[in-house]
Amino acid sequence: MFIPDDRFLIMNEFKRTHTCGELSGNDAGKTVTLNGWVYKNRNHGGIHFINLRDRYGVSQVVIDEDASEDLINLADNLKFEYCIAVKGLVRKRPDEMINPDMSTGEIEIKAEEIRVLSQCEVLPFMVDEKSNAKEDLRLKYRFLDLRSEKMKNNIRLRHETAFAVREYLSNKDFYEIETPTFIKSTPEGARDFIVPSRLYPGKAFALPQSPQIYKQLLMVSGLDKYFQIARCYRDEDARGDRQPEFTQIDIEMSFVDREDVLSLTEGMMSHVFEKTLSLKLPENFRRLSYHEAMESYGSDKPDLRFEMKIKDFTDIAEKCSFSVFKDTVANGGTVRYILAKGCASDYSRKKITELEDTAKIYGAKGLAWMKAGEEGLEGGVSKFFKDEEKEIIEKTGAENGDLLLFVADSWKVTCNSLGAVRSKLGKDLGLIDESAFAFAWILDFPLFEWNEDENKWDPAHHMFSMPQGQYLETMEQDPGPVKGDLYDLVLNGYEIASGSIRVHDPEIQKRIFNVVGFSDEEAERKFGFMLNAFKYGAPPHGGIAPGLDRLVMIMAGEDSIREVIAFPKNTAGLSPLDDSPSEIEQNQLDELGILFKEEIKEEAEVAEKAAE
RNA sequence: GGGGGCGUGGCGAAGCUGGUUAUCGCGCCGGCCUGUCAAGCCGGAGACCGCGGGUUCAAGCCCCGUCGCUCCCGCCA
């Protein structure tokens, strides 16, 4: 095997003239040089075919029977994923050998010279869509995984999305401004990642959960329209759609109301989908109130690719003889149901139990059911509703062969659990159009949430969202119904953006703090620098923050944001690639004034002994 | 913090109500083959069945524990 000593010289002579994806019949007759990786190597004795791959595509290289012995010998020894350079003549394939599945299938390159630029060891998994290697292994060898067609396309889509965002916002006079990633820790909301300070032992920076406060300060600065494709950090457990570090398209603008932010976002999404997927989105997205989303779809991020609404059953439940329903209503709860058209025969007792298990995950105590037959309602809890049978059939519109599913519980549990049942039905019954993109705005979120455990009002989101005008007078006396100028954008069952019109008036801000029991002193200590800025001519402002990872995930048809992040963490928050986080040197700890390493070990040992 | 699923050569899987030699495809090594494009044909190497313990005449399979991954609840915009 010839491995060159002077690779610079080789590169000089064998620098690519074309990529592996661009050659077509029009290039026939040209002498070209390609650089790439050996994707396939088929040896037919007298003739070799090598599929050479780079970022741009795959081209077939042929080593003919008339090639030199050296070249044949070299081709024989090329293994998967060798990085090579090929110099040769582009020629049209004979008609019957054209490969219509290959963008370069019209041509092939008759190799004249081949140089091995870099060898490759036996692979841990095939760089191939069909390899199906486990994700942890793929993450450990991400550099190989990213060579695959799918990952390459996902990374490209992500780039194109970010590019379209920059293009759109820049054309609308937005500035892209970087905000700090070492900031003050504010322990509200998610846990902060902490960066200890060497210069000030005992003190620490936090990594931002979002650039929220800084972007609001930029509005006070009069910079007017800001965006940033911003890395954000949250020290919480990962999920398929959540990573400890993620990227959001952070946007803030001054002198706007809710409608301005919504229409800007709609325009931006339309631009992105047009540029990346050549898809036209509706000019205005559907709108649902939070209450409506929860009641009809059982989620604040409903999948609107199918309907199957959840409906109210409380009026019949409260007067029926079935004590589970009756008592729930009497105790302030609610009874709601789903009508599954034509599902009676598909759903045996066993399959209904699966649905019930789904409901139970979200706190439901059970899933009551009945089926509509030729004679009326039958099975399940139908025997308790003999008197109301007619009324139920009329109310629900149940027809022969339909299945009715009920949950009786608190409003929230009823909605959430039926929402989960609805999702499962949608998947199981194939109601979801996988090619659809169902955007919707969720509006009118409550600003406050009653905390049962601590007997106090909590902020339902963050504390800097503007209450809607009609609630301003009664906010303190009756916080429950207060709606905020908050908005979420949902897409196919995911929340892909969240934003609000902010409070820019220190007086209103103070009142909100009061409702949630935040003392002046505490507010001053945690957010003083922002509240102070608001004393100096803060403009009315608002914004939104679409999650880039989730957006691209959905556009790519993936189920996990890890598929659209070049180097993600796994669900345990670890990086299998570099094995981080890792232990650090004692001297690093010493420099930071962190002395606990031995103490932690001792504590762990003590705990271990206690466990025994 | 809690629940579900998975863990079998380098990779992906099969392995029945426990039964003696752990199977298949890909990859790897050797050979053959002039038009393939998931190339084909012949031969070969490679596995402490995640780890520890238990039940049994006998465990990949059953039980207990533990570790890892993954999905979900909690948590989290």
Side-chain angles (χ1 to χ4, degrees), chain A residues 39-52 58-67 72 76 79-81 93-102 104-105 108 110 121-141 144-145 188-192 209-210 212 232-244 246 248 250 300-301 354 357-364 413 416-417 420 423-424 442 445 459-462 465 486-490 494-500 544-547 549-550 559-560 562 570-572 574 576:
Chain A
Y39 185 47
K40 292 279 158 59
N41 186 3
R42 295 179 294 276
N43 177 358
H44 286 253
I47 184 166
H48 280 76
F49 300 99
I50 294 161
N51 284 3
L52 194 65
V58 179
S59 287
Q60 175 164 281
V61 175
V62 186
I63 292 98
D64 267 338
E65 71 275 16
D66 62 358
I72 289 172
D76 241 348
K79 313 287 185 203
F80 284 110
E81 298 301 321
R93 298 194 196 183
D95 282 351
E96 64 274 22
M97 275 118 199
I98 288 175
N99 184 346
D101 299 331
M102 218 172 158
T104 60
E108 60 194 11
K110 179 181 156 57
E121 293 193 0
V122 174
L123 295 161
F125 56 85
M126 289 286 97
V127 177
D128 197 301
E129 302 319 312
K130 288 167 278 301
S131 91
N132 270 322
K134 283 201 184 65
E135 193 180 4
D136 220 39
L137 191 73
R138 289 174 52 210
L139 291 183
K140 184 169 178 179
Y141 293 91
L144 288 176
D145 191 42
E188 270 63 43
R191 260 179 229 113
D192 283 330
Q209 299 178 25
S210 91
Q212 184 67 31
C232 305
Y233 308 86
R234 297 198 177 123
D235 190 4
E236 298 290 346
D237 293 357
R239 281 287 165 79
D241 62 349
R242 269 165 31 193
Q243 283 268 298
F246 60 98
Q248 67 185 35
D250 201 46
D300 59 359
K301 43 184 194 315
E354 281 175 27
D357 291 342
T358 301
K360 282 179 172 172
I361 292 170
Y362 290 81
V413 168
N416 280 332
S417 55
S423 294
K424 186 169 166 55
I442 310 299
F445 283 85
H461 295 73
H462 61 59
S465 296
L486 290 131
Y487 29 83
D488 279 4
L489 183 61
V490 301
Y494 292 94
E495 177 205 308
I496 62 157
S498 186
S500 66
I544 191 162
D549 311 284
R550 281 185 195 170
D559 294 325
S560 160
R562 297 187 296 268
N570 66 16
T571 51
L574 310 171

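In the text below, chain A, chain B and the rest are named by the order of the sequence lines, each starting its count at 1.
- Of all heavy-atom pairs between N41(A) and I50(A), the closest is OD1-CG1, 3.6 Å.
- In this structure, the CD atom of E96(A) is 18 Å from the P atom of U34(B), given to the nearest Å.
- The side chain of R42(A) places an N or O atom within less than 4.0 Å of a non-bridging phosphate oxygen (OP1 or OP2) of A39(B).
- Judged by ring centres under 5.5 Å apart and planes tilted less than 30 degrees, H44(A) fails to stack against the six-membered base ring of G35(B).
- Rounded to whole Å, the separation between the C1' atoms of G2(B) and G18(B) comes to 33 Å.
- A gap of 10 Å separates the C1' atoms of G52(B) and C67(B), to the nearest Å.
- Checking C28(B), C37(B), C76(B) against every side-chain atom of F80(A), the shortest atom distance belongs to C28(B).
- Residues meeting the side chain to side chain contact (heavy atoms under 4.5 Å, CB included) test with I361(A), sequence neighbours left out: none.
- Stacking of F125(A) onto the six-membered ring of C11(B) is not present when judged by under 5.5 angstrom between centres and under 30° between planes.
- Across every strand in view, C62(B) sits in a pair with G54(B) that passes the Watson-Crick or G-U test at under 3.5 angstrom.
- Heavy atoms of E108(A) sit under 4.0 angstrom from at least one base atom.
- Spacing between U23(B) and C33(B) at atom P, rounded to whole Å, works out to 31 Å.
- Between R242(A) and E236(A) there is no salt bridge, since none of the side-chain N atoms of the basic residue sits less than 4.0 Å from a carboxylate O of the acidic one.
- Across all strands, G46(A) comes closer than 4.0 Å only to sugar-phosphate atoms, never to a base (heavy-atom distances).
- An OP1 or OP2 oxygen of C11(B) is reached within less than 4.0 angstrom by no side-chain nitrogen or oxygen of K140(A).
- A59(B) and A22(B) are spaced 13 Å apart, taking the C1' atom of each and rounding to whole Å.
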Practice task
Go through D488(A) and K301(A) one step at a time and tell me if the salt bridge (Lys or Arg N to Asp or Glu O under 4.0 Å) criterion holds.
Solution key: CA-CA 8 Å; D488(A) 279 4; K301(A) 43 184 194 315; over 6 Å; no

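- Between D145(A) and R138(A) there is a salt bridge, with a side-chain nitrogen of the basic residue lying less than 4.0 Å from a carboxylate oxygen of the acidic one.
- S500(A) is listed as a side-chain neighbour of H462(A), based on a closest heavy-atom distance under 4.5 Å.
- Comparing E236(A) and P94(A) by the nucleotide of RNA chain B whose heavy atom lies nearest to each, the residue mapping closer to the 5' end is P94(A).
- Within 3.5 Å, no donor on the side chain of R234(A) pairs with an acceptor on the base of C76(B), nor the reverse.
- Side-chain atoms of E65(A) lie closest to U34(B) of the nucleotides C76(B), U34(B), G35(B).
- Residue M126(A) places its side chain closer to G27(B) than to any other of G27(B), U36(B), C76(B).
- Ion pairing between D357(A) and K424(A) fails under the 4.0 Å rule for side-chain N and carboxylate O.
- Picking from C28(B), C75(B), C29(B) the nucleotide with the shortest atom distance to the side chain of V122(A) gives C28(B).
- For K40(A), the salt bridge (charged side-chain N to carboxylate O under 4.0 Å, His left out) partners two or more places apart in sequence, or in a different chain, are D128(A).
- One P atom belongs to G27(B), the other to G15(B), and the distance between them is 24 Å to the nearest Å.
- Distance noted for atom P between G19(B) and U36(B): 46 Å (whole Å).
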Between protein and nucleotides 69-73 of chain B, what N or O pairs are separated by less than 3.5 Å?
| unit_1 | atom_1 | unit_2 | atom_2 | d |
| --- | --- | --- | --- | --- |
| C69(B) | OP1 | N570(A) | ND2 | 3.4 |
| U70(B) | OP1 | T571(A) | N | 3.4 |
| U70(B) | OP2 | T571(A) | N | 3.0 |
| U70(B) | OP2 | T571(A) | OG1 | 2.2 |
| U70(B) | O5' | T571(A) | OG1 | 3.3 |
| U70(B) | O3' | R562(A) | NH2 | 3.4 |
| C71(B) | OP1 | R562(A) | NH2 | 2.5 |
| C73(B) | OP1 | Y362(A) | OH | 2.7 |
| C73(B) | OP2 | R239(A) | NH1 | 2.5 |
| C73(B) | N4 | R239(A) | NH2 | 3.3 |

